[in-house]
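Notes follow once the structure below has been shown.
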Amino acid sequence: MLNNYHMHTYRCGHAVGTEREMALAASANGLRTAGFSDHSPFPGVPASSVRMAPEEIGEYVENVLAMKEELKGKTDILLGFELEYFEPYFPKVMKMYEKYPVEYLLLGQHYLGDDPYGHYVGRPCGEAELTQYVDQSIEGMNTGVYLYFAHPDLPFFIGPDDYYRREMTRLCEAAARLDMPLEINILGMRTGRNYPNEAFWEIAGKVGNRVVLGLDAHSPEGTKDEASEKKACEWAERFGFTIETELKLK
């Protein structure tokens with residue numbers, strides 16, 4: 001794995017590692033491209049254990065750009081954010097980004113509704129929550145600003161299998177229509193979470209979605225995981241995917 005666009009820092013409250021520590025580890029572990037995509041703040045929304053505070057964004061950008069310069073010619077350091085889509089906040093966030101040379105955004109939908117601290121879909125959820133997740137994710141993809149969809153199979157759904165297949169088919173078909181790559185998440189694979197979800201990737205294989213791997217590194221050590229990468233490649237082969245190893249930035 002030479003290019004990774006999914007990497008966090010201590011600023012999000014549930015990762016460890018400064019921008020410098022993460023960049024140096026990524027470079028030492030052989031990454032040709034190392035994209036920072038820490039969880040984006042929302043204007044007026046206080047910090048928590050899930051995303052950085054709005055007042056931290058300037059220092060985050062400054063430090064990432066410093067590492068871009070320091071590692072020039074060795075590792076291409078990219079400045080990005082993992083941004084959830086909340087319709088009322090979207091224009092405000094885009095306005096906030098205008099001050100900075102942001103290179104890409106990842107869609108990572110963790111919470112539902114208009115509340116950045118609403119229902120977390122990584123906890124058990126039913127039919128109504130799954131449908132809301134799919135609706136909200138499609139709205140986000142329709143904005144056209146995202147490079148790819150991170151861990152699209154995040155919902156921990158406990159309802160009927162046929163309902164899951166119907167709704168996730170709708171999500172996958174929308175992603176295919178919008179030419180949006182979907183991420184097989186290495187962190188989830190390594191830590192045994194409810195994602196990657198085989199049922200989801202079977203659907204995506206039938207739809208024919210574009211697929212990437214994302215380390216979702218939450219520590220310097222997480223910038224390399226050959227065992228999980230190998231397992232993810234085996235998954236991709238089983239479901240008929242050709243993994244895209246390098247993406248063109250928007």
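None of these values were measured; they are calculated from a predicted model.
Partners of R193 under the salt bridge (charged side-chain N to carboxylate O under 4.0 Å, His left out) rule, at least two apart in sequence or in another chain, do not exist in this structure.
Of the possible polar contacts, none joining the T75 side chain to the R32 backbone as a donor-acceptor pair under 3.5 Å is found. A side-chain donor-acceptor contact under 3.5 Å links N3 to the backbone of T245. Using a distance-only test at 3.5 Å, with no hydrogens or angles considered, a donor-acceptor pair links the side chain of Y104 to the main chain of Y5. Remark: side-chain polar atoms of E84 are paired, donor with acceptor, to backbone N or O of Y111 under 3.5 angstrom. Between the side chain of T223 and the backbone N or O of P220, at least one donor-acceptor pair lies under 3.5 Å. The backbone N or O of H39 lies less than 3.5 Å from no partner atom in the side chain of E82, so there is not a single donor-acceptor pair. Looking at E19, its side chain never comes within 3.5 Å of a backbone N or O of T9 through a donor-acceptor pair. Listed for the N197 side chain is no donor-acceptor partner under 3.5 Å among the backbone atoms of D153. A donor-acceptor pair under 3.5 Å links the side-chain atoms of R210 to the main chain of D179, judged by distance alone.
Counting non-hydrogen atoms of neighbouring residues, nucleotides and ligands closer than 6.0 angstrom, the CD atom of E226 reaches no more than 12 such neighbours. More than 12 heavy-atom neighbours from other residues, nucleotides or ligands sit within 6.0 angstrom of CZ on R238.
A continuous path of Ile, Leu, Val, Met, Phe, Trp and Tyr side chains, each step under 4.5 Å between heavy atoms, connects V207 with F241, placing both in one hydrophobic cluster.
Y117 and S48 are linked by a side-chain donor-acceptor pair at a separation below 3.5 angstrom, with hydrogens and angles left out of the test.
Contact check on R190 versus D225 returns a salt bridge, with a Lys/Arg side-chain nitrogen under 4.0 Å from an Asp/Glu carboxylate oxygen.
Between Y133 and F157, a ring centre-to-centre spacing not shorter than 6.0 Å is recorded.
Between Y60 and F36, the ring planes are perpendicular. Angles over 60° get that label, and only those under 30° would be called parallel.
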